[in-house]
Amino acid sequence: MGFEIYNSLGKQKEAFRPIEAGKVRMYNCGPTVYGRAHIGNLRSFLFADLLRRWLEHLGYDVKQVMNITDVGHLVADEEEGEDKIEAQAKRSGTDPWKIARAHEAQFHEDLAALGVRKASVYPRATDHIEEMLEMIAALIEKGYAYEVDGNVYFDVSRFERYGKLSGNRVEDLDAGARIEVNEEKRHPADFALWKHDAAHLMKWDTRFGPDGFPGWHIECSAMARKHLGDHIDIHTGGEDNVFPHHECEIAQSESFSGGPFANYWMHAKFLQVDGGKMSKSLGNVYTVQDVVDHGYEPRALRFTLLRGHYRQPLNFTWGIMEDSKKALDGLDRLYEKLTAVAAGEGGATEAGAGAELVAKAREEFEAGMNDDLNVPRGLAAIFGLRGEVNEDRLGRDAAADALHFLDEVNDVLGVIRTEREAGEDDAEIDALIAARKQARADKNWAESDRIRDELDARGILVEDGAAGTTWRRK
RNA sequence: GGCGGCAUAGCCAAGUGGCUAAGGCGACGGAUUGCAAAUCCGUUAUUCCCCGGUUCGAGUCCGGGUGCCGCCUCCA
């Protein structure tokens with residue numbers, strides 16, 4: 001069975017077929033750099049990373065583009081609400097460009113901490129003003145957009161498929177009556193491609209006049225086109241992007257090119273915290289820093305955010321972080337155990353014993369991941385293998401193969417610790433372990449336990465196995 | 001008001017109408033250990049939010065509730 005993707009466009013699983021054999025062109029909606037990414041944002045980016053890694057595992061050459069939104073899409077339609085980058089700039093008296101660049105750098109640091117692979121390109125909206133203007137001009141020319149006094153709007157009535165992705169009907173959109181009528185627009189659902197406002201700090205002089213800036217949706221259409229072409233394979237984002245953002249992207253891009261935009265649309269569900277939504281007032285909008293401050297490695301957050309299915313709501317709590325840490329510890333131990341067995345220490349006597357168990361685990365993992373990135377299924381296969389390994393059902397050769405399998409798994413999930421990093425006080429700890437060994441030989445349990453407690457206080461866990469004493473950092 | 005999603009054990013979480021409802025964490029009992037840790041064995045959902053329906057058969061399909069989440073306004 002090949003890779004099946006749940007396509008938001010059509011709402012069903014479909015076999016993945018690339019436009020060009022062996023290649024995948026993927027666009028991931030990235031961050032708006034007005035603040036530090038929180039764990040909810042990170043879930044979406046980690047999902048994109050997982051998808052990219054799985055596609056690569058399947059042998060595809062993936063071109064991955066993730067945009068950096070560094071310009072305010074000041075309220076696309078109305079004048080209330082405020083451009084978040086500009087708001088900060090005005091408050092602090094700082095150049096908005098500097099603010100955006102600082103957040104962008106922070107974003108890359110956070111992703112690196114989580115082991116996210118670098119996308120092929122991270123295009124910035126502000127570096128693609130020309131490309132956006134080119135599309136806007138063409139849309140006006142083709143009659144899909146109209147200009148009114150320096151503002152340009154997309155005419156949704158000209159695009160009959162508008163609503164196809166989200167299921168919204170244009171007639172029902174203003175039923176809530178929350179949108180103030182903008183007299184300039186022909187239809188309330190028309191959205192801005194280009195706006196005009198002299199008060200805006202980040203602005204450009206164009207054929208539409210001075211003091212202009214882009215609407216929110218056009219940047220993604222323009223950047224996807226610039227870096228991936230008019231027709232791409234996969235487009236991802238958070239579930240909140242379905243409407244209006246992605247709906248508008250489809251309208252713009254397809255009206256512009258005359259052909260299909262993205263074949264597969266994938267959306268990650270929102271992350272909840274403590275059973276509800278994250279909110280600043282509840283103080284539960286966490287970042288990578290908060291996770292580290294709570295004593296967890298970033299990879300534990302990576303595991304927490306990847307262990308559930310991306311289309312299932314995920315509830316973040318500190319209890320789950322602890323759960324993840326323990327589960328991850330078990331996978332680290334599995335890797336260590338396999339390394340030992342593959343080197344001839346322990347395991348089944350027959351070298352080839354258990355080969356079928358490894359094959360079965362590999363098969364189940366692949367089947368799970370091929371099923372729309374069903375990580376829980378994939379993990380179950382790995383934990384199943386762990387039981388077999390700990391029961392010494394695998395011989396030396398099978399262990400070597402299992403190790404190879406775990407490396408493959410890790411190439412996709414990126415959460416298992418495969419190498420023990422050296423610490424500065426390793427020698428010191430080894431000396432204490434040696435002293436304890438002597439105490440134990442002398443049956444001086446009091447001293448032995450004292451040393452163990454001392455190490456425990458330093459975060460070192462001592463384990464007396466059949467083959468001798470080992471230690472690990474907690 | 002409109003559009004869409006979710007609801008499975010103490011917690012997290014799979015589950016394609018049909019054998020005994022995956023897996024993880026936790027808990028309890030046992031083995032092992034100088035004591036621990038790790039590991040192993042066993043126990044931990046007669047039942048899948050509630051009500052009704054379709055079916056020989058439903059956690060899985062349909063209808064109605066309830067709760068939570070997303071979108072319709074910037075937001076992963």
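When reading the values below, keep in mind they use all heavy atoms of this one structure, side chains included, and skip hydrogens, waters and symmetry mates. So that the names make sense, note that chain A is the first sequence line, chain B the second, and so on, each numbered from 1.
- Between B:rA37, B:rA76, B:rC25, one nucleotide has an atom nearer to the side chain of A:Y34 than all others, and that is B:rA76.
- Heavy-atom nearest nucleotides on RNA chain B were determined for A:E391 and for A:G167, and the one closer to the 5' end corresponds to A:G167.
- Taking side-chain N and O atoms only, A:K11 has no distance below 4.0 Å to OP1 or OP2 of B:rG4.
- In terms of phosphate contacts, A:N41 brings a side-chain nitrogen or oxygen within less than 4.0 Å of OP1 or OP2 of B:rA76.
- In this structure, A:R458 fails the cation-pi test against A:W471, since its NZ or CZ atom is not both closer than 6.0 Å to the six-membered ring centre and inside 45 degrees of the ring normal.
- Nearest nucleotide to the A:E239 side chain, out of B:rC25, B:rG4, B:rA38: B:rG4.
- For B:rC40, one of the phosphate oxygens OP1 or OP2 lies less than 4.0 angstrom from a side-chain nitrogen or oxygen of A:N390.
- Under the 3.5 Å distance criterion, with hydrogens and angles disregarded, no donor-acceptor pair is assigned to the side chains of A:S157 and A:R186.
- Donor-acceptor pairing under 3.5 Å is lacking for the side chains of A:Y162 and A:N168.
- Each of A:C29 and A:S448 has a nearest nucleotide on RNA chain B; the 5'-most of these lies closest to A:S448.
- If you check B:rA38, B:rA14, B:rG24 against the side chain of A:R333, the one that comes closest is B:rA38.
- Comparing atom distances between the A:P376 side chain and each of B:rA14, B:rA36, B:rC25 picks out B:rA14 as nearest.
- When each of B:rC71, B:rG5, B:rC35 is scored by its nearest atom to the side-chain atoms of A:K269, the top-ranked nucleotide is B:rG5.
- Checking B:rG24, B:rG34, B:rC71 against every side-chain atom of A:R436, the shortest atom distance belongs to B:rG34.
- In this structure, the separation between CH2 on A:W318 and CG on A:N284 is 10.5 Å, given to the nearest 0.5 Å.
- Between A:F16 and A:Y264, the ring-plane angle classifies as tilted under the 30° and 60° cut-offs.
- Across B:rC41, B:rA14, B:rG34, the shortest atom-to-atom separation from the side chain of A:N374 is found for B:rA14.
- A close approach under 4.0 Å does not occur between any side-chain nitrogen or oxygen of A:R307 and OP1 or OP2 of B:rA13.
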Reading 5' to 3' and counting Watson-Crick or G-U wobble pairs with both distances under 3.5 Å, write the dot-bracket notation for RNA chain B, | for bases paired outside the strand. (((((((..(((.....[....)))((((((.......))))))....(((((..]....))))))))))))....
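- Applying the 3.5 Å distance criterion, the base of B:rA22 shares no donor-acceptor pair with the side chain of A:R377.
- Of the residues in residues 309-325 of chain A, A:H309, A:Q312, A:P313, A:L314, A:N315, A:I320, A:D323 come within less than 4.0 Å of RNA chain B through at least one heavy atom, sorted by number.
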Pairwise N/O distances under 3.5 Å, protein to nucleotides 60-68 of chain B:
| from | atom 1 | to | atom 2 | distance (Å) |
| --- | --- | --- | --- | --- |
| B:rC68 | O2' | A:Q272 | NE2 | 3.4 |

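- A salt bridge is defined here as a Lys NZ or Arg NE, NH1 or NH2 lying under 4.0 Å from an Asp or Glu carboxylate O, and A:K325 with A:D329 fails to meet this definition.
- Listed candidates were B:rG4, B:rA76, B:rG34. Nearest to the side chain of A:M278 is B:rA76.
- Heavy atoms of A:V462 sit under 4.0 angstrom from at least one base atom.
- The aromatic rings of A:F154 and A:F191 lie parallel to each other, their planes meeting at an angle below 30°, with 60° marking the opposite boundary.
- Contact annotation: side chain of A:D240 to base of B:rC72, donor-acceptor pair absent below 3.5 Å.
- Per the stacking criterion (ring centres < 5.5 Å, plane angle < 30°), A:W445 stacks onto the base of B:rG34.
- Distances from the side chain of A:F270 to the nucleotides B:rU39, B:rC35, B:rC69 place B:rC69 closest.
- Going from atom CZ of A:R393 over to atom C1' of B:rC41 covers 12 Å, rounded to whole Å.
- When ring centroids are compared, A:F261 and A:H235 come within the 6.0 Å threshold.
- As judged by a 4.0 angstrom heavy-atom cut-off over every strand, A:A327 is placed among residues touching the sugar-phosphate backbone only.
- Side-chain contact annotation: A:H246 with A:H267, donor-acceptor N/O pair under 3.5 Å present.
- The side chain of A:N168 lies closest to B:rC3, out of B:rC3, B:rA13, B:rA76.
- A:T69 and A:N67 share a donor-acceptor pair across their side chains, judged by distance under 3.5 Å alone.
- A donor-acceptor contact under 3.5 angstrom links the side chains of A:Y153 and A:E184, judged on distance only.
- Among the protein residues, A:I382 comes within range of no part of the nucleic acid, since none of its heavy atoms lies under 4.0 Å from any strand.
- The distance from the OG1 atom of A:T236 to the CD1 atom of A:I5 is 10.5 Å, given to the nearest 0.5 Å.
- Judged by atom type and distance alone, A:R169 does not reach the base of B:rC3 through any side-chain donor-acceptor pair under 3.5 Å.
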